[in-house]
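Here is the naming used below: chain letters follow the sequence lines, and residue numbers restart at 1 for every chain.
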2 protein chains.
Amino acid sequence: MDESEYLAQYDHHKYPQPFVTVDAVLFAFHEKALNCLLIKRTNHPEQNKWALPGGFVHPTEDASLEATAVRILKDKTGIRPPYLESLKAYGNATRDKRGWSVTTTYVALMAYRECAPTSNRVSEAQWINVEELDGMELAFDHAAIIRDALERLRQKALYSLIPVYALPAKFTLGELQHLHELLIGKPLQKKSFRRRVEQADLLNDTGETKIVGKRPAALYSVKKGAADYNFVRNIGM
Amino acid sequence: MDESEYLAQYDHHKYPQPFVTVDAVLFAFHEKALNCLLIKRTNHPEQNKWALPGGFVHPTEDASLEATAVRILKDKTGIRPPYLESLKAYGNATRDKRGWSVTTTYVALMAYRECAPTSNRVSEAQWINVEELDGMELAFDHAAIIRDALERLRQKALYSLIPVYALPAKFTLGELQHLHELLIGKPLQKKSFRRRVEQADLLNDTGETKIVGKRPAALYSVKKGAADYNFVRNIGM
DNA sequence: GCAAAAAGTGTCTTTATGCCACTATAAATG
DNA sequence: CATTTATAGTGGCATAAAGACACTTTTTGC
C-alpha cells in the first residue's frame, strides 16, 4: 500500500480518541488587582459553573490551535490580545465527564476593558479578581490551570517585563511596579525596579503624564519586541 | 435535560475533531554530545522518516497524557526517565497528512543507555547526536519540536541544574559543566560553575572518584528535589 | 504658604558572577 | 624515580546588578 492509498482509507474515528478543546487564561490589571476573564457556563456539563473561555477546534475555520485561541478570545473581548503564549496541555480520563479529554491551554494578557462588548452570546463573561478565585468552584480542572498560568506569569515577572501587556497601552512606572509586586507577592525597591526598566530600554516615554493623586507620573508605552527580553538576574530575591 | 441525560446522549464523534497524539523529546548526554532518541517510522504516513517517539493515547490504558508519555518512553527505553516535563501542544490542519491533528509534547532526560533493549518492535530506535539533526529530514514538524525542546533545555541550563538528569546517576562536575557548555554554546568559567553548584547544595559527594585521564574527579549524585531549584541569576551572560 | 503624598534620584552596601592565576593529584614517560 | 602533562580543584580580586534608604521634586488641598 502506498501513502495515498493509506490516507484514502484512514479514518481516525475508527479508534477511540480523546476529544480536544482549547482554553485560555486571560489576565488584565484593573483597580490594583489582577483579573481573570471567566465565563458562566450555560450548558452541560458543569452547567452554571464559572469556566475559562474555551471551546472546540473548528477544523474548517481554524488554521492552528493558536488560531482557535485567538478566535475564542476575540469572541469574548472583541480584540486580539497583545500577548498570547502557549501553556501545557492537560489531558486525562476524568477531568471532563464526557470522557477522555485534552485541553491545550494559553496564557493571554490584555488591557482591561469592560468585558464582552461583542459577546451577546449565550454565556456571560466577567472579570474576576484572582484573589477571589479560591472561594469559587470552577468548572473542570480550570482552577488548577489558572494556578499554573499564574505561576508562569509570576516567574516571568521575576526576569522580564511581560506583565506590562496586562496594562493599558499607556501606563506609569508605578502601575507597572504595582503589578509586578502583586505577582511576586512582595514589595520591590522602587529604585531597583526603575533601574532595570531603564537599562533594558523596552519602554518609550510618551511625553504625556497622568495624575493619579499628587505629582503627575510619566506615561510610557511598550516598544515592539519587549516580550522577548529577559533580564539575566531576578528581581526581588 | 439534566446532566446525566446530556451525558448519555453526548457523542463527540458527531462533530469533526482533530486527533491527538503524544510525542516526547528524550535527551541523553553521551560521548561529549547531546543525543536525542528517534524512531524510524515503518508505517504511513511519513514512512521511513525519523520521528520522535510518540503515539496515540490509549484511553483505556492511560490515565493521563503524562501516563501516555511515560508508557511510550518506557516502551522504547525500558525505563521511566527521571525527568519529564510538559512542553506545549502543536496543532494545525497541515502538520499531519491524515488531517487536523494535535500533538502534546514532553521533554524528557535520562542517562544514556544502549537503546531499545526491550524494543523488539516494528520500529527501530536510535540515539542521534543533536548536531547532526540539521542534515536530516524528520517526519511531521518534529524538527521544530526538537528545536523548541532544545531551546527550553538551553534556558534551563542558564538558571538551573536540570541538565544533570541527562547524565548517569554518578557523574563528575567536569561532565556536568561540559553538558551545560554544550547547551549554552560557550565555555563557562570553572570557578563560577562550581561555586553555583556548591551554594545550591543540590548534589551529594558519593566519596567515589572516576579517573578519566589524569587526576581522578569526585563523583556526585543528584539530591531529591534538585529539579525544583532555580538560581536567581543566569550563568554565562 | 505649608503639609501631604506620590514621583523620581543619589549613593553606598551587598551579592553573585567573571576572570585568572595558582595548587593538587595521578598517569605516562624516559 | 624524577619529570612532564593534563585534568581537578581553589584563592582572591574585579565587576555588574540588585538592595537599602535617604533625599529632592512636583503637584494637590487646605
Side-chain angles (χ1 to χ4, degrees), chain A residues 31-32 155-161 167 170-220 229-237, chain B residues 31-32 155 157-161 167 170-221 229-237:
Chain A
E31 289 187 343
K32 303 187 177 183
Q155 285 302 319
K156 300 252 177 195
L158 292 174
Y159 62 80
S160 79
L161 291 188
L167 296 178
K170 294 174 183 175
F171 52 88
T172 71
L173 293 184
E175 291 165 345
L176 182 55
Q177 182 177 340
H178 283 142
L179 172 52
H180 278 253
E181 288 172 337
L182 199 62
L183 285 165
I184 295 173
K186 64 176 173 183
L188 298 174
Q189 291 287 335
K190 186 167 43 167
K191 182 67 190 207
S192 302
F193 189 79
R194 298 170 100 95
R195 240 185 335 221
R196 278 163 70 96
V197 169
E198 182 170 24
Q199 283 185 15
D201 190 31
L202 302 175
L203 305 184
N204 284 313
D205 188 336
T206 62
E208 300 167 68
T209 57
K210 178 185 181 183
I211 301 119
V212 184
K214 307 296 170 175
R215 174 174 172 179
L219 278 171
Y220 292 84
Y229 185 88
N230 291 330
F231 295 93
V232 301
R233 184 164 165 189
N234 289 352
I235 201 174
M237 310 198 74
Chain B
E31 288 186 343
K32 302 186 177 182
Q155 286 302 320
L158 292 174
Y159 63 79
S160 78
L161 292 187
L167 296 177
K170 294 174 183 177
F171 53 88
T172 71
L173 292 184
E175 291 165 345
L176 182 55
Q177 184 178 337
H178 283 141
L179 172 52
H180 277 253
E181 287 172 336
L182 198 64
L183 285 166
I184 295 173
K186 65 176 173 183
L188 297 175
Q189 291 288 335
K190 186 167 45 167
K191 185 63 197 243
S192 302
F193 189 79
R194 298 171 100 95
R195 244 186 330 220
R196 276 163 72 96
V197 169
E198 182 171 24
Q199 283 185 14
D201 190 31
L202 301 175
L203 305 184
N204 284 313
D205 189 335
T206 63
E208 301 167 68
T209 58
K210 178 185 181 185
I211 300 117
V212 184
K214 307 294 172 176
R215 172 173 174 181
L219 279 171
Y220 292 84
S221 61
Y229 185 88
N230 290 331
F231 295 95
V232 300
R233 185 166 164 189
N234 289 351
I235 201 174
M237 309 199 73

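When the nucleotides dT26(D), dT9(C), dT17(C) are ranked by their closest atom to the side chain of R215(A), dT26(D) comes out on top. Relative to the side chain of P216(B), the nucleotides dT11(C), dA26(C), dG8(C) differ in distance, and dA26(C) lies closest. With distances taken from any side-chain atom of R233(B) to the nucleotides dA16(D), dG9(D), dT7(D), the minimum falls on dA16(D). Closest contact between the side chain of R195(A) and the listed nucleotides dT25(C), dA20(D), dT28(D) involves dA20(D). The side chain of A217(B) approaches dA8(D) more closely than any other nucleotide in the set dG19(D), dA7(C), dA8(D). When each of dA7(C), dA16(C), dC19(C) is scored by its nearest atom to the side-chain atoms of S192(B), the top-ranked nucleotide is dC19(C). Nearest nucleotide to the side chain of I211(B), out of dA27(C), dA8(D), dT17(C): dA27(C).
Put simply, CZ on F193(B) is 18 Å from P on dT7(D), counting in whole angstrom units. Rounded to a whole Å, the CD atom of E198(A) is 13 Å from the C1' atom of dG10(C). When rounded to the nearest whole Å, the span between CD of E181(A) and P of dA18(D) equals 15 Å. Taking atom CD of Q199(A) as the reference point, atom P of dT9(C) lies 14 Å away to the nearest angstrom. For N234(A) and dT17(C), the CG to P distance is 12 Å, given to the nearest whole Å. L158(A) places its CG atom 13 Å from the C1' atom of dA18(D), with the value rounded to the nearest Å. With rounding to whole Å, K210(A) atom NZ is found 17 Å from dT27(D) atom P. Here the C1' atom of nucleotide dA7(C) and the CD atom of E175(A) are 12 Å apart, to the nearest Å.
Counting distance only, with no hydrogens placed and no angle test, the side-chain atoms of K191(A) and the base atoms of dG8(C) include no donor-acceptor pair under 3.5 Å.
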Checklist entry - For T206(B) and Y220(B), what are the C-alpha separation, side-chain angles and deciding distance, and is it a side-chain contact (heavy atoms from CB on, under 4.5 Å)? => result CA-CA 5 Å; T206(B) 63; Y220(B) 292 84; 5.6 Å; no
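Within 4.0 Å of G174(B), counting heavy atoms only, lies no atom of the nucleic acid at all. Across all strands shown, I235(B) has heavy atoms under 4.0 Å from sugar-phosphate atoms exclusively, and none from any base.
Both cation-pi conditions hold for R196(A) and F231(A): the charged atom is under 6.0 angstrom from the six-membered ring centre and inside a 45 degree cone around its axis.
Checked against Q177(A) for a side chain to side chain donor-acceptor pair (under 3.5 Å), the options E175(A), H180(A), E181(A) give a single hit: E181(A).
Contact annotation: Q189(A) does not reach the phosphate of dA18(D) (side-chain N/O to OP1 or OP2, under 4.0 Å). Between R196(A) and dA18(D) there is a side-chain N or O to OP1 or OP2 distance below 4.0 Å.
Remark: side-chain polar atoms of K210(A) are not paired, donor with acceptor, to backbone N or O of A218(A) under 3.5 angstrom.
No side-chain heavy atom of L173(A) sits under 4.5 Å from any side-chain heavy atom of K190(A).
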